[in-house]
Amino acid sequence: MTARTFKPSETVDFVVIGSGAAGGVMARELSGAGHSVVVLEQGPRLGPADFEHDELKYFFLSGITNDPVAHPQTFRSDPSKRAMPLPGANALVYARIVGGSSNHFTANFWRFHAIDFRERSTLGGIAGTGFADWPITYQELEPYYTKVEWDVGVSGLAGASPFDPVRSKPYPMPPLPVKSSGVLFERGARKLGLHPQPAPMAINSQLYNGRPGCIHCGFCMGYGCEVRAKSSSLYTMIPDAEATGRCEVRAESYVFRIAMNDKGRATGVLYFDRDKREQMQKARVVVVCANGGETPRLLLNSSSERFPQGLANSSGYVGKYLMFNQGGGVHATFEHELNEYKSVQVSRILHDFYDSDPKRGFYGGGGIDARIGPQPALWALASGPGVPQWGDEYKARLESFSRSMMSTGHTTSLAVESNSVSIDPELKDAWGIPAIRTTYKDHPDDLSIARFLQDRSVEILDAAGAKKIWKEDVTESSFAVHLLGTCRMGNDPKTSVVDKYHRTHDVKNLFLCDGSSFVTSGRGQPTMTIEALAFRAAEHISRFAKRNEI
Amino acid sequence: MSASWLAMHWPAIAAAAHHADDIPATPVAFRTFTAAEAADVDAIASQIIPTGTTAGAHEAHVVYFIDQAFATFFAARADEYKQALRKFQSSFQAAHAGGTFAAAARADQIACLKTLDSGEFFQTTRLLTVLGLVASPKYGGNYQTVGWKLMGFDDQHVFQPPFGFYDRDYPGFVAYDSQGRA
């Protein structure tokens, strides 16, 4: 069917900025509840036939991601220094197409655990950080995790891990087939008394909701799915939203400012259309789902006389407490072929080290997975201490690709106030919009937990019978795809940007929902939680709208 | 593979086949390198991924890939690279009685590269050599997919389990008991 369209001058119930993990859910739930919705997406709309197996394009030429030429950013690790563009790269990377980063994510869909939401009150404060509890609990979010699993589509095995948080329903699909990396990881981990489990993935293991099961091409991480088996917003939430007849997804519409009236209410958003003409979409309510980098940028770029330090920023925390997730890779080579380039990236994970343990001497926890390293080029470029870089020994390493795997940690990042998204004082993008400046330096504990889990990976791979094991360097982050914490939720308007329903404390009809809402980083794999938050937020926002409480 | 499975996936397979076109048959003329520059870059790439019993950077036409890269997606860095290349050439020739890197003995080439392999010129050449080895052949390298063959990578769009040796006889996931024991 042809989806409904609206004129920008028509005042719709909701304008949603961003069509990714959160924006897709928001569009579907709000339009499904009877509201008119326009979704504005920066990037173009692509389909399965537009996606390619092309490592150079997707990882080196910004195939579907925000490219550093048209959308430049600056970076610094030291807040006292001037931020500079990274050569040929952006610090905050996201897919800039309809469906956002839900197109190119790896699709690891772990739920957060109950501890993630109340870790501060369990462990106590950590000096020099903004470590805090969430204003919601796991129990409050559980029904929405279940909704993600069933409505978006997640495959997995309920109850497989003794560490799994309580759940109200099993997964709608069985896990994807185990890979050789998963078998070896499971063998090694079980020998050590650990509890590996099938990986929950937002990829169909069989025909589900009119989409096919995975055909195991192997190009998930960093790529758009060519068969619609990956449960991206593009293939799930957005078609559902359009099918309501109440939602338009307008691609190549780049929002640069939230419009406000003199009563302090948002009236819509200003954006550039595909011809770089300025437009204004009028709306009763503005919902920003632009990701943890672009959402604070938009608020800061929407400053005015009334809101001199940026919109919804009376707390001063817009853009602060940026969290990336750390982690470290370990490579292993075995006697026989694994052919890890085939099929989804991950088939086994373990959560034995999920909780922080004061006995380790530092804060942090995480999960470990068994995975393909990346596809050939990135795998060939991976490096660590003592690993040959060229010559006959390097060639021998390349020849071990099909016998190799990785085990990777996915770990916590502490909320540090100076880690932030702000507006670069000079740099502008190709539209003349002030660019993102990222300031980031990992908390020492973030590096400690990453190294700790690397050592656990080494033990697991050794117990699995690896012939050769080497660790990648754990280094300070200079780029990220997990963009978290920059408009954190909280009950206190002095220390948070949105309330527990994702409404900004300062503007009654402005809501923010995406990775920016996170209070803590979890242990990587944030998209599942972003989508659960969006389902929950949409339910409350729709209720507020119907009761005229917006 | 059942007929219904094929019907379900046919559009994807057709799309995949569409992407597989556009593989150049033979290398074109160099677009940014002179013959002497190309010979030296080819020789450096051939030390990064040497030819042995299996193909290396030379057989993968890495030098054509690098040449194309500087004419297209890497154009912004072409001048900087060419300057570094000329500096490399002149200092090598100055130290080797005017002989070029390409014409030098293998041991001399290796000894030379060892002195500069942490520098930017070498690192850029290495990055492009690796990409030229295994990027899609449509970019001018990975000739006849020799790079993928070297690494044991098979660019198919459909695979079925078992994928490797170790998942062939996997007995199935064994649940843990309430104490977390298998």
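Per chain, numbering begins at 1; letters A, B, ... match sequence-line order.
- Listed options A:Gln197, A:Arg397, A:Glu335, A:Glu186 were ranked by heavy-atom pairs under 4.5 angstrom with chain B; first place goes to A:Glu186.
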Would you sort out whether B:Phe163 and A:Ile372 count as a side-chain contact (heavy atoms from CB on, under 4.5 Å), showing the intermediate values? CA-CA 12 Å; B:Phe163 307 115; A:Ile372 182 182; over 6 Å; no
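- Contacts between B:Leu131 and chain A at a heavy-atom distance below 4.5 Å involve the side chain alone, from C-beta outward.
- Heavy-atom minimum distance, A:His336 versus B:Tyr166: N-OH, 3.0 Å.
- Contact count against chain A (heavy-atom pairs under 4.5 Å) is highest for B:Pro50 among B:Gly172, B:Ala175, B:Pro50.
- Note on A:Pro162, A:Pro198, A:Pro177: by heavy-atom pairs under 4.5 Å with chain B, the leading option is A:Pro198.
- Within the 4.5 angstrom heavy-atom criterion, only backbone atoms of B:Gln156 (N, CA, C, O) approach chain A.
- Highest contact tally toward chain A, considering only B:Ile110, B:Asp154, B:Leu133, B:Leu127, is held by B:Asp154 [criterion: heavy-atom pairs under 4.5 Å].
- Residue A:Pro175: no heavy atom, backbone or side chain, is found under 4.5 Å from chain B.
- Minimum interatomic distance between B:Asp167 and A:Lys179 (heavy atoms only, all atoms of both residues): CB-C, 3.8 Å.
- Put simply, of A:Arg187, A:Arg403, A:Glu399, A:Glu340, the one with the most heavy-atom pairs under 4.5 Å next to chain B is A:Glu399.
- Atom NE2 of B:His96 is surrounded by more than 12 heavy atoms from other residues, nucleotides or ligands within 6.0 Å.
- Of all the listed residues (A:Ser402, A:Ala377, A:Gly391), the one sharing the greatest number of non-hydrogen pairs under 4.5 Å with chain B is A:Gly391.
- Only the backbone of B:Thr51 comes within less than 4.5 Å of a heavy atom of chain A; no side-chain atom from C-beta onward does.
- By the 6.0 Å contact criterion, OH on B:Tyr170 is enclosed, its count of non-hydrogen atoms from other residues, nucleotides or ligands being greater than 12.
- Taking the charged nitrogens against the carboxylate oxygens, B:Lys138 and A:Glu52 do have a contact shorter than 4.0 Å, which makes a salt bridge.
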B:Phe159 vs A:Tyr341, side-chain contact (heavy atoms from CB on, under 4.5 Å): CA-CA, chis, key distance, verdict: CA-CA 10 Å; B:Phe159 294 109; A:Tyr341 60 88; 3.9 Å; yes
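- Contact annotation for B:Phe122: only side-chain heavy atoms (C-beta onward) come within less than 4.5 Å of a heavy atom of chain A.
- Heavy-atom pairs under 4.5 Å with chain B were tallied for A:Leu378, A:Leu184, A:Leu157; the largest tally goes to A:Leu184.
- Nearest heavy-atom pair across B:Phe73 and A:Leu61 is CD1-CD2, 3.4 Å.
- A salt bridge is absent between B:Asp155 and A:Lys342: the closest approach of a Lys/Arg side-chain nitrogen to an acidic carboxylate oxygen does not fall below 4.0 angstrom.
- Chosen from B:Thr54, B:Asp177, B:Thr129, B:Val134, the residue pairing most often with chain A at heavy-atom distances under 4.5 Å is B:Thr54.
- Formation of a donor-acceptor pair under 3.5 Å by the B:Arg126 side chain with backbone atoms of A:Trp390 is not found in this model.
- The choice from A:Arg348, A:Gln375, A:Lys57, A:Glu55 that makes the most heavy-atom pairs within less than 4.5 Å of chain B is A:Arg348.
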Check the pair B:Val174, A:Arg190 against side-chain contact (heavy atoms from CB on, under 4.5 Å), reporting the backbone distance first and the verdict last. CA-CA 11 Å; B:Val174 178; A:Arg190 282 190 189 252; 4.2 Å; yes
Test side-chain contact (heavy atoms from CB on, under 4.5 Å) applied to B:Tyr139 and A:Asp54, step by step: CA-CA 10 Å; B:Tyr139 295 103; A:Asp54 186 338; 2.6 Å; yes
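- There is no contact between A:Leu176 and chain B, counting heavy-atom distances below 4.5 Å.
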